[in-house]
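Remarks on the structure that follows.
The figures that follow rest on heavy atoms only: side chains count, while hydrogens, waters and symmetry mates do not. As the structure lists them, so they are numbered: ligands from 1, and atoms in each ligand from 1. The shown structure was predicted, so the numbers you read here are calculated from the model rather than taken from an experiment.
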Amino acid sequence: MAIDLLDRAGRSRRRTATVFTAVTCTALTLLASSCARSEDDVAADQPSGDASARAQQLDEAAGSDQTCNIEQFGMEKFDLQDMTVGFSQSEAESNPFRITETASIEDEAKKRGVELITANAQSDFAQQISDVQGLMSQGAELLIIAPLNSDGWEPVLAEAERKQVPIVTIDREINGNPCEDYVTFIGSDFVEQGRRAADQMIEALGGEGKVAILLGTPGNNVTTERTKGFKDRVEEKAPGIEVVFEQTGEFTRQGGQSVTEQLIQSNPDIDGVYAENDEMGIGAVTALRGAGKQPGDVKIVTVDGTKTAVQNIIDGWIYAVVESNPRFGPLAFDAHESFGKGEDVPVELIISDRVYTQENAEEQLPNAY
Ligand code: AHR
């Protein structure tokens with residue numbers, strides 16, 4: 001299929017979609033292996049419980065057809081091996097998602113012998129901006145950023161452009177122009193995660209009931225899209241389900257617990273809780289337990305795939321968990337490597353996630369993080 005693309009200078013380029021399939025199945029080393037192997041093959045031979053278990057798989061049908069290469073970007077080719085990479089983590093490493101994500105980046109740098117410098121903004125956006133600027137002044141020539149917020153990156157983008165430092169963003173998006181402000185975004189389809197969470201909630205409640213949403217932090221595309229996917233699907237498939245309560249639990253366990261405590265006061269007859277990440281869902285379990293509820297009294301659906309959340313499915317407290325895989329190291333380094341060689345890199349790389357349910361939780365627990 002032929003499609004029109006705009007390059008960095010705004011010129012229209014005509015490419016064929018098969019180019020991108022070829023790119024995603026050959027240029028990115030990790031993807032080359034994931035194209036040939038099934039998820040179960042990969043899961044079966046990985047050690048469990050660390051950053052290398054259940055490697056990310058790209059969803060071939062999702063993502064953008066647009067690509068970016070170093071010529072469009074206006075830079076000289078480079079060898080990843082000779083470069084210093086800076087990694088900026090957004091949130092504290094108390095959440096297993098963040099622990100696993102950072103470990104995956106660090107493990108991959110070590111495996112490839114690439115120099116890595118890191119910073120953690122501890123959920124402070126001003127800190128993250130200064131962290132990334134600090135990484136560049138410490139000599140980072142390539143960046144991997146897990147952004148806290150999607151907007152407000154202008155000072156970093158301007159400096160990265162001036163210093164010619166290509167950016168790969170992971171897990172949340174930076175609002176900007178692909179192949180101008182950044183090379184590629186790697187992450188999940190968050191609208192689809194919301195839809196899948198809704199499917200589980202609809203099944204759990206038999207299509208009827210009152211539901212609360214524990215929202216993630218505001219100001220990023222993950223929260224917006226997980227909310228949209230959930231609400232749209234419920235509206236479309238289960239008009240008998242009513243969303244009666246929505247409040248942010250800031251993606252933290254403590255936040256999920258205190259918001260659920262308020263929820264139980266205002267809506268003691270709540271039937272379901274959709275927590276937009278596992279940490280908030282686990283906090284909700286603590287609040288419900290404290291209020292004398294039994295496992296399964298309130299149906300809880302969450303997103304991420306942490307070991308504690310999947311164990312909570314086995315224990316009957318959580319109905320289902322939609323996976324969001326944080327093992328970004330291999331794909332993020334592959335993207336920088338391919339870009340440095342002058343290859344076309346898709347400007348959006350969407351990974352495929354699974355769902356943990358009562359049927360598979362025990363068997364799949366080793367793939368949780
Ligand atoms: O951006 C990814 C989300 O952020 C994860 O679901 C969550 O655990 C984290 O706080």
(request) Could you tell me which residues satisfy side-chain hydrogen bond (donor to acceptor under 3.5 Å, both in side chains) with Gln311, sequence neighbours excluded, listed by chain and number? (result) Asp315

(message) I'd like to know whether CD of Glu236 has more than 12 heavy-atom contacts from other residues, nucleotides or ligands below 6.0 angstrom.
(response) yes

(message) Just to be sure I understand the cut-off, which residues have at least one non-hydrogen atom under 4.0 angstrom from an atom of ligand 1?
(response) Glu91, Asn95, Phe97, Arg98, Asp171, Arg172, Val222, Arg226, Phe251, Asn277, Asp304

(request) Please indicate whether Gln358 has more than 12 foreign heavy atoms, meaning atoms of other residues, nucleotides or ligands, lying under 6.0 Å from its CD. (result) yes

(request) Determine, using ring centers only, whether Phe73 and Phe339 are less than 6.0 Å apart. (result) yes

(request) Would you please name every residue forming a side-chain hydrogen bond (donor to acceptor under 3.5 Å, both in side chains) with Asn149, sequence neighbours left out? (result) none

(message) If the condition is salt bridge (charged side-chain N to carboxylate O under 4.0 Å, His left out), which residues does Glu192 pass it with, not counting sequence neighbours?
(response) Arg195

